[in-house]
*Asks:* 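Below is a structure I'd like to ask you about.
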There are 2 protein chains.
Amino acid sequence: MQPTQDILSEELKQTARFAKALGHPIRLAILELLNSQACCFHGDMAEILPVAKSTLSQHLKELKNAGLIQGNISSPTIKYCINRENFELAKQLLSSALK
Amino acid sequence: MQPTQDILSEELKQTARFAKALGHPIRLAILELLNSQACCFHGDMAEILPVAKSTLSQHLKELKNAGLIQGNISSPTIKYCINRENFELAKQLLSSALK
DNA sequence: TTCTCAATTCGTAAAAATACGATTGAAGAT
DNA sequence: ATCTTCAATCGTATTTTTACGAATTGAGAA
């Protein structure tokens, strides 16, 4: 075995993080919704997606942790948006991983 | 909640399966190795990647199940290769999910 | 201040992923 | 037929993921 850093580079780990975040149908559906601007609010998504609201919150949290989305308070709701910068980065990293 | 099939399409589920398979650093490293033709054999990979052989086998199995790689027996070893068709499909689906 | 509503967090359970060493299996070499 | 050798599978443990309903929080409305 070689030293970890040689093979498992930071770039590769970041790519894996993004891929993992994308690795669930619900989360992809969330991104699709946000990307199409069809909706931005937790409540609206909860009506469309076949999961409980608490589960939806968990998926939103994971996407936030991965940096793919962000939420802006717009009382009484929260407006979710794609984080374009990281979304682009994810696209780049994944497309380069699949080159 | 709407009927599942409307939102969670087969395409979206397939995309999630690919993304999930890509969502681990070791598996990305495997694909990188296979893609660069630097090596193709389980034993060679086991020397390079910082995991036990049995763990490596598990990751190879997951990549196989996802359709991203395939193994051809070449006694006494097994030659692993990228499954180009599905690799392309994954690239396509993911890039379209991140459009 | 109290009420209401949206969203998150908590508590919990079940399933899946990750990892390892030991064992087994399959194929060629002796 | 027996011995090697490579890789997969088994058995197991730990951690993470996924999911739900209940309880909490926070901000504006009454």
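Residue numbering restarts at 1 for every chain, and letters A, B, ... go by the order of the sequence lines.
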*Asks:* Grab the CG-P distance between B:L56 and C:dG21 for me, whole Å please.
*Replies:* 14 Å
*Asks:* Tell me if the side-chain of B:E62 makes a donor-acceptor pair with the base of C:dA17, cut-off 3.5 Å, by modelled atom types.
*Replies:* no
*Asks:* With no angle test and no hydrogens, is the base of C:dA17 tied to the side chain of B:Q58 by a donor-acceptor pair under 3.5 Å?
*Replies:*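 No, no donor-acceptor pair under 3.5 Å.
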*Asks:* Taking CG from A:L49 and C1' from D:dT18, how many angstroms apart are they, rounded to a whole number?
*Replies:*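 Rounded to the whole Å, the gap is 15 Å.
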*Asks:* Just the rounded figure in Å: distance from P of D:dG28 to CD1 of A:I78.
*Replies:*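 To the nearest whole Å, that distance equals 12 Å.
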*Asks:* For A:K20 and D:dT17, is the shortest distance between a side-chain N/O and OP1 or OP2 below 4.0 Å?
*Replies:* yes
*Asks:* With sequence neighbours left out, write down each residue that passes ring-ring contact (aromatic ring centres under 6.0 Å, His included) with A:H59, or none if nothing qualifies.
*Replies:* A:H24
*Asks:* Nucleotides 22-30 of chain C: which of its N/O atoms have a protein N/O under 3.5 Å away?
*Replies:*
{"residue": "C:dA27", "atom": "O3'", "partner": "B:S75", "partner atom": "OG", "Å": "3.3"}

*Asks:* Under 4.0 Å from OP1 or OP2 of C:dA19: is there any side-chain N or O of B:H59 that close?
*Replies:* yes
*Asks:* So if I take residues 21-34 of chain A and measure heavy-atom distances to DNA chain C, which residues fall below 4.0 Å?
*Replies:*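 Here the set is empty: none.
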*Asks:* Rounded to the Å, how far apart are A:Y80 OH and C:dA6 C1'?
*Replies:*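 Spelled out: OH on A:Y80 to C1' on C:dA6 is 11 Å.
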*Asks:* Just by distance, no angles: are the side chains of A:T77 and A:H42 close enough, under 3.5 Å, to form a donor-acceptor pair?
*Replies:*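 Result is no, nothing qualifies.
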*Asks:* Give a yes/no answer on whether the side chain of B:T55 brings an N or O atom under 4.0 Å of OP1 or OP2 in C:dC20.
*Replies:*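 The answer is yes; a side-chain N or O of B:T55 sits under 4.0 Å from OP1 or OP2.
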*Asks:* What is the distance, rounded to the nearest whole Å, between atom CD of B:Q70 and atom C1' of D:dA7?
*Replies:* 18 Å
*Asks:* Any chance NZ of B:K91 has more than 12 other-residue heavy atoms, nucleotides or ligands included, within less than 6.0 Å?
*Replies:*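 Yes, because the 6.0 Å sphere around NZ of B:K91 holds more than 12 heavy atoms from other groups.
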*Asks:* What's the NZ-P distance between A:K53 and C:dT8, to the nearest Å?
*Replies:*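 These atoms are roughly 11 Å apart.
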*Asks:* Would you check if the side chain of A:N83 reaches a backbone N or O of A:N86 as a donor-acceptor pair within less than 3.5 Å?
*Replies:*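 Side chain of A:N83 to backbone of A:N86, a donor-acceptor pair under 3.5 Å: yes, one is there.
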*Asks:* How many whole angstroms separate atom NZ of B:K64 from atom P of D:dT9?
*Replies:*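 Those two atoms, NZ and P, are 6 Å apart.
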*Asks:* Show the nearest heavy-atom pair for residues B:A21 and B:L68, with the distance to one decimal.
*Replies:*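 Shortest heavy-atom separation between B:A21 and B:L68 comes out as CB-CD1, 4.0 Å.
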*Asks:* Donor-acceptor check, side chain of B:N35 to backbone of A:K99, threshold 3.5 angstrom: yes or no?
*Replies:* yes
*Asks:* Please report the shortest heavy-atom distance between B:K79 and B:S74, naming the atom on each side.
*Replies:* CB-CB, 4.4 Å
*Asks:* If we ignore hydrogens and angles and just use 3.5 Å, is the side chain of B:T55 paired with the main-chain N or O of B:V51 as donor and acceptor?
*Replies:* no
*Asks:* Answer whether the closest heavy-atom distance between the side chains of A:C81 and A:I69 falls below 4.5 Å.
*Replies:*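 Side chain of A:C81 against side chain of A:I69, heavy atoms only: no contact under 4.5 Å found.
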*Asks:* Could you tell me the separation between the NZ atom of A:K61 and the P atom of D:dC20, rounded to a whole number of Å?
*Replies:*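 To the nearest whole Å, that distance equals 17 Å.
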